[in-house]
Amino acid sequence: MDWIKKLTLIALVVACGLAVYSCKIQIGLAPITSIDYNKVKTISITDFENHATYVYGPLAVEFNQTLRDMFIQQTRLKVVDTGGDLELSGEITGYAQTNEAVDASGYSSKVRLTLTVKVTYVNNTNHEEDFTDQQFSAYQTYDATESLTSVQDGLITIMVDDITEQIFNSTVANW
């Protein structure tokens, strides 16, 4: 009977060790930022308006919310309306589709949807990191037999995630 208790205790210790190790791995997957939280505590993100030639109403709302969520979820910064230690502003400058591939009949078989955003970043604790009017772009391709209205919500989500990650990496990630 003693060996069963010892085996159970060993299994419990191993399980606890694996759980602690797993937690360390999960923490290690968190984004690495170059933020000095002793100096930088807040970020202000103005709404990025859609100034693209083709305007799709939900695009700006989704972009603005996703960008804010990125900084809320992956940093300890408090989002403030104005005057943050870090400031992000900009606009959506491009939302366009172009033919990408032609099939044997001479018609388009693939369409590329491209989203472009212009960003200005100000680090009020270290102005050497500032940048103005930097362009970030992402694109997705879809089959020309599908209509833009049937695929754009899904494609926008992918492109917005890509661009907000690019902005995050260019501003606070330590790569």
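All values reported here derive from a predicted model rather than from experimental measurement.
In summary, of the residues considered (Arg112, Glu100, Lys110), a side chain to side chain donor-acceptor pair (under 3.5 Å) with Thr141 occurs for Glu100 alone. Screening Val55, Asn64, Leu115 for a side-chain contact (heavy atoms from CB on, under 4.5 Å) with Ile92, the sole residue that qualifies is Leu115.
The structure places CZ of Phe136 at 11.5 Å from OG1 of Thr93, a figure rounded to the nearest 0.5 Å. Taken from CD1 in Ile35 to CG in Leu77, the straight-line distance is 4.0 Å, to the nearest 0.5 Å. Interatomic distance, Thr75 OG1 to Ile43 CD1, rounded to the nearest 0.5 Å: 7.0 Å. Atom CD1 of Ile163 and atom OH of Tyr139 lie 12.5 Å apart (nearest 0.5 Å). Once rounded to the nearest 0.5 Å, the distance linking OH of Tyr56 with CD of Gln152 reads 4.5 Å. The OH atom of Tyr95 sits 6.5 Å away from the CG atom of Leu59 when rounded to the nearest 0.5 Å.
Put simply, the side chain of Ser44 gets close to the backbone of Gly84: a donor and an acceptor are under 3.5 Å apart. Not one N or O on the side chain of Asn50 forms a donor-acceptor pair closer than 3.5 Å with the backbone of Ala60. Not a single donor-acceptor pair under 3.5 Å links the side chain of Asn123 to the backbone N or O of His127. Ser170 places no side-chain N or O within 3.5 Å of a backbone atom of Ile167 that could act as its donor or acceptor partner. Of the possible polar contacts, none joining the Asp47 side chain to the Glu49 backbone as a donor-acceptor pair under 3.5 Å is found. Side-chain atoms of Ser150 come within 3.5 Å of backbone N or O of Ser147 as a donor-acceptor pair.
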Residues 155-162 side chain polar contacts: donor-acceptor under 3.5 Å, at least two apart:
residue: Thr157; atom: OG1; partner: Glu62; partner atom: OE2; Å: 2.9
residue: Thr157; atom: OG1; partner: Asp153; partner atom: O; Å: 3.1
residue: Asp162; atom: OD1; partner: Gln166; partner atom: NE2; Å: 3.0

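The salt bridge (charged side-chain N to carboxylate O under 4.0 Å, His left out) analysis of residues 77-95, with sequence neighbours excluded, yields the pairs Glu91-Lys118.
Residue Tyr37 qualifies as enclosed at atom OH: its count of foreign heavy atoms under 6.0 Å is above 12.
The hydrophobic clustering, which links ILVMFWY residues whose side-chain heavy atoms are closer than 4.5 Å, places Phe131 and Leu67 together.
For the pair Val119 and Val117, the minimum side-chain heavy-atom distance is below 4.5 Å.
Residues Ser137 and Thr116 have side chains that bring a donor and an acceptor to within less than 3.5 angstrom of each other. Tyr54 and Gln97 share no donor-acceptor pair across their side chains, judged by distance under 3.5 Å alone. A donor-acceptor pair shorter than 3.5 Å can be found between the side chains of Ser108 and Asn99.
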Leu86/Phe71 under side-chain contact (heavy atoms from CB on, under 4.5 Å): CA gap, chis, key distance, verdict
CA-CA 11 Å; Leu86 306 179; Phe71 282 89; 5.6 Å; no
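Residues Lys41 and Asn38 share a closest heavy-atom pair of NZ-O, 3.6 Å.
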